[in-house]
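Worksheet: the structure to be examined is printed underneath.
Computed from heavy atoms alone, side chains included, the values below leave out hydrogens, waters and symmetry copies.
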Amino acid sequence: QVQLVESGGGLAQAGGSLRLSCAASGGTFSSAAMGWFRQAPGKEREFVAGISWSGGDTYADFLKGRFTISRDNVKKMVYLQMDSLTPEDTAVYYCASRRGGIAIVADLWNYWGQGTQVTVSS
């Protein structure tokens with residue numbers, strides 16, 4: 001059983017930065033794809049970024065290069081560096097893991113963390 005625990009959320013001002021972390025335990029981290037999703041109030045959960053076991057990454061089009069996903073297979077950690085934040089980035093951010101490659105559909109991911117709140121003020 002894979003367990004994922006997010007941290008690093010909080011309050012940021014527009015134009016600022018935050019770095020989210022996700023600690024994984026159980027399972028075979030080094031062979032799993034890892035991803036970040038987010039869900040704003042009243043909206044569906046949406047794909048933000050994903051990284052394959054080998055380090056290949058994929059991002060949602062709306063990010064326009066503002067976020068960067070990375071992973072450390074030794075520490076079993078995944079990170080999401082978020083820069084140039086806007087109020088539209090306000091959401092609960094979830095870490096996810098799946099066997100196989102990156103998927104942009106939330107239902108295709110096997111394991112989820114509890115989420116961490118990110119609030120961006122204008």
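In terms of modelled atom types and a separation under 3.5 Å, the side chain of Thr116 and the main chain of Gly9 share a donor-acceptor contact. With hydrogens and angles ignored, the 3.5 Å screen pairs a side-chain donor or acceptor of Glu6 with a backbone N or O of Cys95. Checking side-chain atoms of Thr28 against main-chain N and O of Ser30 turns up no donor-acceptor pair under 3.5 Å. A donor-acceptor contact shorter than 3.5 Å links the side chain of Trp109 to the backbone of Ala103.
No more than 12 heavy-atom neighbours from other residues, nucleotides or ligands sit within 6.0 angstrom of CD on Gln114. More than 12 heavy-atom neighbours from other residues, nucleotides or ligands sit within 6.0 angstrom of CD on Glu46.
Less than 6.0 angstrom separates the ring centroid of Phe37 from the ring centroid of Phe47.
Note that NZ of Lys64 is 12.0 Å distant from OG of Ser84, once rounded to the nearest 0.5 Å. The structure places NZ of Lys76 at 11.0 Å from OG of Ser97, a figure rounded to the nearest 0.5 Å.
With Trp53 as the aromatic partner, Arg71 does not meet the cation-pi criteria of under 6.0 angstrom to the ring centre and within 45 degrees of the ring axis.
Residues Ala14 and Pro87 come closest through the heavy atom pair CB-CD, 4.2 Å. Taking each heavy atom of Ser21 and Met77 in turn, the nearest pair found is CB-CE, 3.8 Å. Scanning all heavy atoms of the two residues, the minimum distance from Asp83 to Ser17 falls at OD1-OG, 2.7 Å.
Residue Val78 is found in a hydrophobic cluster whose other members, listed by chain and number, are Val2, Leu4, Leu18, Leu20, Phe29, Met34, Trp36, Val48, Ile51, Tyr59, Phe62, Leu63, Phe67, Ile69, Leu80, Met82, Leu85, Tyr93, Tyr111, Val118, Val120; membership requires side-chain heavy atoms under 4.5 Å apart, directly or through intermediates.
Here the side chains of Val92 and Arg45 are not in contact, with every heavy-atom distance at 4.5 Å or above. Looking at heavy atoms from C-beta onward, Thr86 lies in side-chain contact with Arg66 at the 4.5 angstrom threshold.
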Inset, instruction - Assess whether side chain to side chain contact (heavy atoms under 4.5 Å, CB included) is satisfied between Gln117 and Thr90, documenting all intermediate values. - result: CA-CA 8 Å; Gln117 176 70 47; Thr90 296; 4.0 Å; yes
